[in-house]
2 protein chains.
Amino acid sequence: MLRLSRLTDYAVVVLARMGEEATALQSAPGLAHRTGLPEPTVAKVLKTLAQAGVVEGLRGARGGYRLSKPLPEIKLTEVIVAFDGPIALTACVDGGSGLCESEHLCPVRGRWDPVNTAIRDALEKISVAELAGHALSPAEADFRLAAE
Amino acid sequence: MLRLSRLTDYAVVVLARMGEEATALQSAPGLAHRTGLPEPTVAKVLKTLAQAGVVEGLRGARGGYRLSKPLPEIKLTEVIVAFDGPIALTACVDGGSGLCESEHLCPVRGRWDPVNTAIRDALEKISVAELAGHALSPAEADFRLAAE
DNA sequence: GGAAATGGGACTGGTTTGGTCCTATTTAAG
DNA sequence: CTTAAATAGGACCAAACCAGTCCCATTTCC
Ligand code: FES
Ligand code: FES
């Protein structure tokens, strides 16, 4: 289905929620509660995002996570790469030789690169903020909490 | 890895090989031999391509497959859709509601659409011919055969 | 010192996918 | 008319992959 990891989807949801209070320090359990997603999953997502440098994690009691840059500056590619790895559409990786067994017979050898860059370019232009529907209103957020 | 099905890769290889003799009727075993790919796999790929209308299959002895249109007119999306299904990057399909359990809590709901169209547009512009490295020279083809 | 949080990774069940094989159907050749 | 060669279609199985959970170490505030 050419689908990306479900965790990527979750990540966007979590980031969107964080974007509503961009400066605040928010804990994983807290965010789980506010997004309605299961807590262990949110924790995992945040860990990965922290590794990628998209969010910044502060340890200790009263610790939590914080966006390391404003939502509109977070490119979608950053998130995707964090969870799905480098954006390369095929098994025959970009310049890499030696990995494909039928390489010496293959007319396509390496030719996927233009495709990959085309997709990277397309995704590069999209920020997470654009996916977030930038900020549900606070009222709407309250409604969601109530719905739980 | 955001990778597409390996069969898609094979398909492009096979199509590229067919493009070298675009009008000729070529059998699955023959193409398998010429591409160096295992025969059952090539057969499967061709069946799928036939269903998608990319190639045309003729039955019976002396049957075979033929491109249903010239290689440069075959868009990459056609091939991808044939093997990987519709190009939609997330589990939450385009307009479809009701499939996602946390939809009522989800700030992203449906917002992936722009991403999907961005990717579709990018892929739409690429033809299989562009990936094929359009035609190894006949000499090169002979070399390959000899190399087997 | 204890509680609360992140950091990092191991483990596992479920799903998906690739690859193979089998059978029916069609058509040309002998 | 029989046989052979090919496509059409689908069933099946093993392997790879992924999500989800859990566990333990580390850090920091109270
Ligand atoms: S299939 Fe691997 S190089 Fe072409
Ligand atoms: S995660 Fe499904 S609608 Fe957002």
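Taking side-chain N and O atoms only, Arg6(B) has a distance below 4.0 Å to OP1 or OP2 of dG19(C). When the side-chain nitrogen and oxygen atoms of Thr41(B) are compared with OP1 and OP2 of dG18(C), none of them lie within a distance under 4.0 Å. Contact annotation: Tyr10(B) side-chain N/O to dG18(C) OP1/OP2 distance is not under 4.0 Å.
Picking from dA11(D), dG9(D), dT7(D) the nucleotide with the shortest atom distance to the side chain of Ser27(B) gives dT7(D). Listed nucleotides: dT21(D), dG9(D), dG19(C). Nearest to the side chain of Pro38(A): dT21(D). Minimum atom distance to the side chain of Tyr65(A) is reached by dT6(C), of the listed dA8(D), dT6(C), dG19(C).
Regarding Leu37(B), its CG atom lies at a distance of 11 Å from the P atom of dT20(C), rounded to whole Å. Look at CG on Asp84(B): it is 13 Å from C1' on dG18(C), rounded to the nearest Å. dG18(C) atom P lies 19 Å from atom CD of Glu39(B), rounded to whole Å. Atom P of nucleotide dA5(C) and atom CD of Gln26(A) are separated by 13 Å, given to the nearest angstrom. For Arg66(A) and dA5(C), the CZ to P distance is 16 Å, given to the nearest whole Å. Taking atom CG of Leu7(A) as the reference point, atom C1' of dC18(D) lies 8 Å away to the nearest angstrom. Between the CG atom of Leu4(A) and the C1' atom of dC17(D) there is a distance of 15 Å, given to the nearest Å. Whole-Å rounding puts the Asp9(B) CG to dT17(C) C1' distance at 15 Å.
Here NZ of Lys125(B) is found 11.5 Å from CD of Glu130(B). Values are rounded to the nearest 0.5 Å. Rounding to the nearest 0.5 Å places CD of Glu20(B) at 9.5 Å from CG of Leu71(B).
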In a table with atom names and distances, give each donor-acceptor pair under 3.5 Å that connects a side chain of residues 72-80 of chain A to protein atoms at least two apart or in another chain.
unit_1: Glu78(A); atom_1: OE1; unit_2: Lys69(A); atom_2: NZ; d: 3.2
unit_1: Glu78(A); atom_1: OE2; unit_2: Lys69(A); atom_2: NZ; d: 3.1
unit_1: Glu78(A); atom_1: OE2; unit_2: Lys75(A); atom_2: N; d: 3.1

Please list, one pair per line, the donor and acceptor atoms closer than 3.5 Å that link side chains of residues 41-68 of chain B to other protein atoms, with sequence neighbours excluded.
unit_1: Thr48(B); atom_1: OG1; unit_2: Lys44(B); atom_2: O; d: 3.0
unit_1: Ser68(B); atom_1: OG; unit_2: Gly53(B); atom_2: O; d: 2.7
unit_1: Ser68(B); atom_1: OG; unit_2: Val54(B); atom_2: O; d: 2.6

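Looking at heavy-atom distances under 4.0 Å, Ala43(B) makes no contact with the nucleic acid at all. Contact annotation for Leu46(B): no contact, since no heavy-atom pair falls under 4.0 Å across all strands.
Counting only heavy atoms from C-beta outward, the side chains of Trp112(B) and Asp9(A) approach each other to under 4.5 Å.
Scanning all heavy atoms of the two residues, the minimum distance from Arg17(A) to Arg34(A) falls at NH2-CD, 3.1 Å. Smallest separation of non-hydrogen atoms from Asp84(B) and Ser5(B): OD2-N, 2.7 Å.
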Item checked: Footprint string (nucleotides 22-30 of chain C, 5' to 3'): B base within contact, S backbone only, - free, heavy atoms under 4.0 Å -> ---BBBSS-

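Remark on DNA chain C: of its neighbouring residues Pro29(A) and Ser5(B), the 5'-side contact belongs to Pro29(A), judged by nearest-heavy-atom nucleotide.
The backbone N or O of Ile87(B) lies less than 3.5 Å from a partner atom in the side chain of Arg120(B), making a donor-acceptor pair.
A donor-acceptor contact under 3.5 Å is not formed by the side chain of Lys44(B) with the base of dG18(C).
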